[in-house]
Amino acid sequence: QVQLVESGGGLVQAGGSLRLSCVVSGRSIRSYTIGWFRQAPGNEREFVAGINWNGDSTVYVDSVKGRFTISRDNGENTVYLQMNSLKAEDKAVYYCAADRSHSDYVAITLTDYDYWGQGTQVTVSS
């Protein structure tokens with residue numbers, strides 16, 4: 001059974017930074033694309049960033065480009081989301097998800113992902 005556990009969320013002032021971690025257990029992530037999504041109250045869950053199985057392709061939603069960086073450590077079965085220059089609009093529950101298709105391309109739609117974590121709350125005070 002593949003399980004994903006997010007951590008690293010919390011309360012931060014606008015302009016601050018957080019690093020989210022997604023630890024995967026039950027299977028090596030070496031062949032998985034990993035994505036980060038977020039959901040704010042009253043909003044649909046949206047794609048934030050993704051990294052393909054070998055790390056040579058990353059995709060970001062426009063609103064976080066230049067501020068967020070996704071990376072992976074396959075040896076640790078962990079994917080990270082470094083979030084800098086946080087804004088009030090970044091407040092949301094952040095989820096990581098795994099796409100087992102072994103594609104070279106990063107999927108950005110929810111239905112392309114097979115496994116999901118429970119989420120970690122990020123709150124940004126202005």
Side-chain angles (χ1 to χ4, degrees):
Q1 181 75 11
V2 177
Q3 292 186 321
L4 290 79
V5 178
E6 303 93 338
S7 63
L11 172 64
V12 65
Q13 288 187 333
S17 298
L18 285 173
R19 188 176 81 155
L20 305 184
S21 299
C22 173
V23 178
V24 182
S25 62
R27 189 180 179 95
S28 170
I29 64 168
R30 293 182 185 277
S31 62
Y32 288 178
T33 289
I34 303 295
W36 283 96
F37 294 77
R38 65 187 178 187
Q39 187 166 18
N43 290 355
E44 294 184 350
R45 194 171 298 188
E46 65 169 351
F47 174 84
V48 176
I51 186 167
N52 75 336
W53 66 277
N54 64 3
D56 67 359
S57 178
T58 57
V59 177
Y60 300 90
V61 68
D62 286 347
S63 60
V64 308
K65 285 180 181 177
R67 300 188 298 122
F68 290 12
T69 303
I70 189 171
S71 61
R72 65 190 297 154
D73 184 340
N74 286 345
E76 295 294 325
N77 246 32
T78 302
V79 175
Y80 303 97
L81 185 67
Q82 178 67 43
M83 307 187 296
N84 299 329
S85 302
L86 282 161
K87 304 176 181 180
E89 51 263 43
D90 295 317
K91 175 183 176 180
V93 178
Y94 283 71
Y95 300 89
C96 64
D99 167 11
R100 61 186 178 183
S101 68
H102 198 49
S103 171
D104 288 335
Y105 301 98
V106 176
I108 64 171
T109 56
L110 277 70
T111 54
D112 287 315
Y113 287 81
D114 304 289
Y115 307 105
W116 290 83
Q118 294 300 305
T120 185
Q121 176 71 50
V122 171
T123 302
V124 183
S125 63
S126 56

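Side chains included, hydrogens not; waters and symmetry mates left out as well; all remaining heavy atoms used. Note that this is a predicted model, so its numbers are computed, not measured.
Annotation: side chain to side chain donor-acceptor pair (under 3.5 Å) contacts of Gln3 (sequence neighbours excluded): none. For Ser17, the side chain to side chain donor-acceptor pair (under 3.5 Å) partners are Asn84, not counting sequence neighbours. With sequence neighbours left out, Arg100 forms a side chain to side chain contact (heavy atoms under 4.5 Å, CB included) with Tyr32, Asp114, Tyr115. In terms of the side chain to side chain contact (heavy atoms under 4.5 Å, CB included) criterion, residue partners of Val106 (sequence neighbours excluded) are, by chain and number, Thr33, Phe47, Asn52, Ser57, Val59, Tyr113. With sequence neighbours left out, the side chain to side chain contact (heavy atoms under 4.5 Å, CB included) criterion links Ser85 to Arg67. Under the rule for a side chain to side chain donor-acceptor pair (under 3.5 Å), the partners of Ser101 that lie at least two apart in sequence or sit in another chain are Asp99. For Ala14, the side chain to side chain contact (heavy atoms under 4.5 Å, CB included) criterion is met by Val124, not counting sequence neighbours.
Linking ILVMFWY side-chain heavy atoms closer than 4.5 Å, directly or via other members, places Val93 and Trp116 in a single hydrophobic cluster. In the hydrophobic clustering of ILVMFWY residues, with side-chain heavy atoms under 4.5 Å counting as a link, Leu18 and Val48 come out together. Linking ILVMFWY side-chain heavy atoms closer than 4.5 Å, directly or via other members, places Ile51 and Ile29 in a single hydrophobic cluster. Residues Phe37 and Ile108 fall within the same hydrophobic cluster, defined by Ile, Leu, Val, Met, Phe, Trp and Tyr side chains chained together at heavy-atom separations under 4.5 Å.
Distance CG/Asn77 to CZ/Arg72: 8.5 Å, rounded to 0.5 Å. In this structure, the separation between CE on Met83 and OG1 on Thr69 is 11.0 Å, given to the nearest 0.5 Å. Between the CG atom in Asn74 and the OG atom in Ser28 there is a gap of 6.0 Å [rounded to 0.5 Å]. In this structure, CD on Gln121 lies 9.5 Å from CG on Leu11, to the nearest 0.5 angstrom. Rounding to the nearest 0.5 Å places OG1 of Thr120 at 11.0 Å from CG of Leu81. Taking OG of Ser31 as the reference point, atom CG of Asn54 lies at 11.0 Å (rounded to 0.5 Å).
The heavy-atom pair separating Leu4 from Cys96 by the smallest distance is CD2-SG, 3.6 Å. For Ile34 against Ala98, the heavy-atom pair with the smallest separation is CD1-CB, 3.7 Å. In this structure, Ala40 and Ala92 approach most closely via the heavy-atom pair N-CB, 3.8 Å.
Within the structure, salt bridge (charged side-chain N to carboxylate O under 4.0 Å, His left out) contacts touching residues 5-19 (residues at least two apart or in different chains) do not occur. Here ring pair (Phe, Tyr, Trp, His ring centres under 6.0 Å) pairs that include residues 68-95, with residues two or more places apart or in two chains, number zero. Listed by first and then second residue, the salt bridge (charged side-chain N to carboxylate O under 4.0 Å, His left out) pairs involving residues 40-58 are Arg38-Glu46 (not counting sequence neighbours).
Other residues, nucleotides and ligands contribute over 12 non-hydrogen atoms within 6.0 Å of the CD atom of Gln39. For CG of Leu110, the number of neighbouring non-hydrogen atoms (other residues, nucleotides, ligands) closer than 6.0 Å is greater than 12.
Taking Ile, Leu, Val, Met, Phe, Trp and Tyr as hydrophobic and joining them when side-chain heavy atoms fall under 4.5 Å apart, one finds Tyr105 isolated, its cluster having no other members. The hydrophobic cluster containing Val23, built from Ile/Leu/Val/Met/Phe/Trp/Tyr side-chain heavy atoms closer than 4.5 Å, comprises no other residue.
Looking at Lys87 and Asp90, no side-chain N of the basic residue comes within less than 4.0 Å of a carboxylate O on the acidic one, giving no salt bridge.
A donor-acceptor contact shorter than 3.5 Å links the side chain of Tyr60 to the backbone of Ile70.
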